[in-house]
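Right, one structure below, let's go through it.
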Amino acid sequence: MARITLPDGSVLEVADGATLRQVAERIGPGLAKAALVGRIDGKLVDLSCSVQDGAQVQIITAKDAEGLDAMRHSCAHVMAEAICRIWPQTRLVYGPTVEDGFYYDIDLDEPIRPDDFARIEAEMAEIAKADQPFVRQEMGRNEALAKLAGDKYKTDNIQRVDSEVISFYSHGDGFQDLCRGPHVPSTGKVGAFKVMSVAGAYWHGDATQKMLQRVYGTAWPTKKELDEHLNRLEEAKRRDHRVLGRQLDLFSFSEMGPGFAFMHPKGMVIWNEIVGFLGGLNRKYRYKEIKTPIILNEELWRRSGHWDHYKENMYFSEIDGVGYAIKPMNCPGGCLVYGTTKHSYREFPMRIAEFGMVHRHEASGVMHGLFRVRQFTQDDAHIFCMPDQIEAEIIGVINLIFETYRSFGFSDFAIELSTKPINHIGSDEIWDTATDALKAALAHKEIQYKINEGDGAFYGPKIDFHIRDCLKRSWQVGTIQLDFSMPQRFELVYTAEDNTEKVPVMIHRAVLGSFERFMGILIEHYGGAMPVWLSPEQARVLPISEKTSDYGRAVQRRLFEAGVRCGADLSDEKIGAKIAKTHGEKVPYMLVVGPKEAESDTVSVRVRGSQDSRTMPVGQFLETATRKIADKDLGVEF
RNA sequence: GCUGCUGUAGCUCAGUCGGUAGAGCGCGUCCUUGGUAAGGACGAGGUCCUGGGUUCAAAUCCCAGCAGCAGCUCCA
């Protein structure tokens, strides 16, 4: 008899050498059916594994993250066999799970196309239907190496494993793969799956290595969950800012300038609202603003270090036979401004902001709508201060950053602190002072954060800010970076209290990162239906017929002159068509006016996303709308 | 940059076997004057991404380039 302990602390007596499957059956038939893998003394194992007396045992189902992971990993094996059946010359490389699914890297010269997915899925379904058990086979390292002789990929995989015991898994007769496991009991338990996509991927992520084919799949415990996942993907597609940007006429791209966004009138409204908001915060948090040139002498970029560290990403030009560079960052220009006069410690902290347009030559394959462009405008700022002012400055920046994110409707943040890398400049003392100041500031704000050891820039430690959108996707936006390098390179000094010249600490900070990118995030977060204060068109008057066009025009003028961005649809469409069109353009307020409204100086207000309407005096609508706009109210409801 | 896929009207897309180009939406004109998610008629609109090649004949097949999409790598 073996006495084992279950997660709830209860003790179960089972026969010596009983398998986890038998344990699950003892606990209940429902669990036995749902069981996928198990855990013995903290280690994930197959259900066929035996328990020993005194073991801590847990039965894992698809409800547990580990169970779902095992299911997807097993599904990857099933997909691998399906692919090998169709293309016998396939060489398997590596097939892990990823968020929401899995992939398998394969070496196969014939390209797999989306048309092939249905064939692969059909083979997979057959393998799943056969419900063959997954069987583990263990052997010593040398034996395994001998078994895989000639397979450079699998041999390489073994060499990356520490363990002396190497395991293989097979299911059925035709398929065996080197694998650590554990796996679900049989191929019938791999859930509801779908082959999603195929793309190239370098072996070991190394661009000098062979390009493999990476086939992506997804698997879920039930068909329903698979469908929900596919629906989420559809939802993300519907919110794609590249599509909405065209539909809502916000911005465009042209072959005449790949990676350079063209902002249209409606996009400029959103842009200017963002800029105006941040300008207000710059005043509130006592920043002064500057603007520095886009094109500056090459000499500057040699001195700043960009020539050595960033040249491949820069654009260059020549003026009167002299080399110039288009700025990829704003800091060197800011340093030149600092250097135009003598500075005293009495001026510190000196907060200098710049909405600076930068150009970076991104690789052609990485560009993506507004998220990754070659020209963008940063909400940049540089704070010059003394070391003992760092903490207070960081706290101020954090306050500014949080206030900004909340105003745009983001309340879920994640913060990461990156510390001293191996290659760095500056003394250990200054690094310690700076890192401690960052930590103290985060502690003061009682902020939870993750530490990325050794991930800081060579010139100083940094804090990065991430926001989550409504689909729970994370975006890196803000950053605070301490810089011990730039002030030295530019020989920036200030006169200290003791009348000596000292080098100031420079803090780089960005709140939104890039306006372009943030605009893209906003569009996806709101699905194009922006809060009123950000909406390009905040209200639209919809006359029932041309008979009330004059009244409609009068209402529009009144609202427009009161500062509401109000349009009017004076076309000869019927009211239903006007409403449908206005909905499509995601205008927050529709003001339907007919003879009744014209007589009583009222409007029938229909709110975006609602089926109802409410009639009220024009003045009342105006009052509520202007208040919502002024308060930057995120809700449109009246 | 690398691999794969795609490129046809302003947008979304169809176009069979290689034989002079189509739809819906949008746009314009007219009819319609209506009460809360798309009324009707007519019309305009094309370098079929660009450049070569094969062919009697290329949107269609082949090659190269450009751009976009997905992924990889990158994003001090």
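Chain identifiers are assigned alphabetically (A, B, ...) following the order of the sequence lines, protein sequences preceding nucleic acid strands; residue numbering begins at 1 within each chain.
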request  = Check salt bridge (Lys or Arg N to Asp or Glu O under 4.0 Å) between A:Asp569 and all other residues, then give those that pass, not counting sequence neighbours.
outcome  = none

When the side chains of residues 256-267 of chain A are checked against the rest of the protein, which donor-acceptor pairs come out under 3.5 Å, sequence neighbours left out?
| from | atom 1 | to | atom 2 | distance (Å) |
| --- | --- | --- | --- | --- |
| A:His264 | ND1 | A:Asp249 | OD1 | 2.7 |
| A:His264 | NE2 | A:Ser252 | OG | 2.7 |

Nearest of [options] to any side-chain atom of [X]?
X        : options             : answer
A:Ala199 : B:U33, B:A70, B:G35 : B:A70
A:Ala201 : B:C72, B:A67, B:G34 : B:C72
A:Tyr216 : B:G71, B:A76, B:C66 : B:G71

message = Does this structure show an ion pair linking A:Asp464 with A:Lys462, if we count only N-O contacts that are shorter than 4.0 Å?
response = yes

Sugar-phosphate only, base, or nothing, as touched by A:Arg214 at under 4.0 Å among non-hydrogen atoms = sugar-phosphate

task = Would you indicate what A:Pro421 reaches in the nucleic acid, counting non-hydrogen atoms under 4.0 angstrom: base, sugar-phosphate, or nothing?
result = nothing

inquiry  = Under the ring-ring contact (aromatic ring centres under 6.0 Å, His included) definition, can you give me all pairs with a residue in residues 360-379 of chain A, not counting sequence neighbours?
reply    = A:His241-A:Phe371, A:Tyr315-A:His361, A:His368-A:Phe371, A:Phe371-A:Trp475

task = Establish, with yes or no, whether the OP1 or OP2 oxygen of B:U3 is under 4.0 angstrom from a side-chain nitrogen or oxygen of A:Gln213.
result =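 No, A:Gln213 has no side-chain N/O under 4.0 Å of OP1/OP2 on B:U3.
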
Does anything in [range] reach RNA chain B, meaning a heavy atom under 4.0 Å, and if so which residues?
range                       : value
residues 538-545 of chain A : A:Ile544, A:Ser545
residues 231-250 of chain A : A:Arg242, A:Arg246
residues 570-590 of chain A : A:Asp572, A:Glu573, A:Lys574, A:Ile575, A:Gly576, A:Ala577, A:Ile579, A:Ala580, A:His583
residues 361-372 of chain A : A:Ala363, A:Ser364, A:Gly365, A:Val366, A:Met367, A:His368, A:Arg372

How long is the line joining [atom1] of [X] and [atom2] of [N], in whole Å?
X        : N     : atom1 : atom2 : result
A:Glu546 : B:G35 : CD    : C1'   : 16 Å
A:Arg360 : B:C75 : CZ    : C1'   : 8 Å
A:His508 : B:A76 : NE2   : P     : 13 Å
A:Phe484 : B:A76 : CZ    : P     : 18 Å
A:Leu212 : B:C72 : CG    : C1'   : 10 Å
A:Asp455 : B:C75 : CG    : P     : 11 Å
A:Glu597 : B:U36 : CD    : C1'   : 11 Å
A:Asp107 : B:G4  : CG    : P     : 13 Å

task = For the pair A:His508 and A:His382, name the ring-plane relationship: parallel under 30°, tilted 30 to 60°, perpendicular over 60°.
result =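 Judged by the thresholds at 30° and 60°, the geometry between A:His508 and A:His382 is perpendicular.
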
request  = On the 0 to 90° scale, with breaks at 30° and 60°, tag the A:Trp203-A:Tyr153 ring pair as parallel, tilted or perpendicular.
outcome  =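 Perpendicular, since the angle between the ring planes exceeds 60°.
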
inquiry  = Which residues pass the side chain to side chain donor-acceptor pair (under 3.5 Å) test with A:Ser197, not counting sequence neighbours?
reply    =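 Checked A:Ser197 against side chain to side chain donor-acceptor pair (under 3.5 Å); zero matches.
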
query = How would you list, by chain and number, every residue that makes a side chain to side chain donor-acceptor pair (under 3.5 Å) with A:Lys628, sequence neighbours excluded?
reply =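 Counting only residues at least two positions away or on another chain, A:Lys628 forms a side chain to side chain donor-acceptor pair (under 3.5 Å) with A:Asp633.
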
message = Judged by each residue's nearest nucleotide on RNA chain B, which is more toward the 5′ side, A:Val198 or A:Val592?
response =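 Upstream on the strand: A:Val592.
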
5′-ward residue of the pair A:Tyr310/A:Ser610 relative to RNA chain B = A:Ser610

Taking the [atom1] atom of each, how far is [N] from [M], in whole Å?
N     : M     : atom1 : answer
B:G22 : B:A64 : P     : 33 Å
B:A21 : B:G68 : C1'   : 24 Å
B:C42 : B:C48 : C1'   : 27 Å
B:U12 : B:U55 : C1'   : 34 Å
B:C17 : B:A37 : P     : 45 Å
B:G24 : B:A9  : P     : 16 Å

request  = Scan residues 451-460 of chain A for pairs that pass salt bridge (charged side-chain N to carboxylate O under 4.0 Å, His left out), counting only residues two or more places apart or in two chains.
outcome  =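 Every candidate salt bridge (charged side-chain N to carboxylate O under 4.0 Å, His left out) pair involving residues 451-460 of chain A fails, so no pair, neighbours aside, qualifies.
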
message = We want to know whether A:Thr292 and A:Glu354 form a side-chain donor-acceptor pair, criterion being a heavy-atom distance below 3.5 angstrom.
response =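 On atom types as modelled, these side chains qualify, holding a pair under 3.5 Å.
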
key: Centroid-centroid distance, A:Phe621 to A:Tyr589, less than 6.0 Å   =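 They qualify: ring centres under 6.0 Å apart.
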
query = Hey, mind stepping through A:Glu393 and A:Arg509 against salt bridge (charged side-chain N to carboxylate O under 4.0 Å, His left out) and telling me if it holds?
reply = CA-CA 11 Å; A:Glu393 285 310 297; A:Arg509 79 75 297 211; over 6 Å; no

key: Heavy-atom donor-acceptor pair, A:Arg608 side-chain to B:A37 base, under 3.5 Å   =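 No, no donor-acceptor pair under 3.5 Å.
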
ask   = Looking at residues at least two apart in the chain, or sitting in another chain, which of them share a side chain to side chain contact (heavy atoms under 4.5 Å, CB included) with A:Thr90?
value = A:Ile83, A:Cys84, A:Trp87, A:Leu92, A:Ile106, A:Leu108

task = Please name all residues satisfying side chain to side chain contact (heavy atoms under 4.5 Å, CB included) with A:Ala219, sequence neighbours left out, ordered by chain then number.
result =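 A:Ala219: side chain to side chain contact (heavy atoms under 4.5 Å, CB included) contacts with A:Met71, A:Arg72, A:Cys75, A:Phe102, A:Phe193.
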
request  = Test side chain to side chain contact (heavy atoms under 4.5 Å, CB included) on A:Ile112 and A:Ile120 and set out the steps.
outcome  = CA-CA 10 Å; A:Ile112 294 180; A:Ile120 298 172; 4.1 Å; yes

ask   = Would one find more than 12 heavy atoms of other residues, nucleotides or ligands at under 6.0 Å from atom CD of A:Gln476?
value = yes

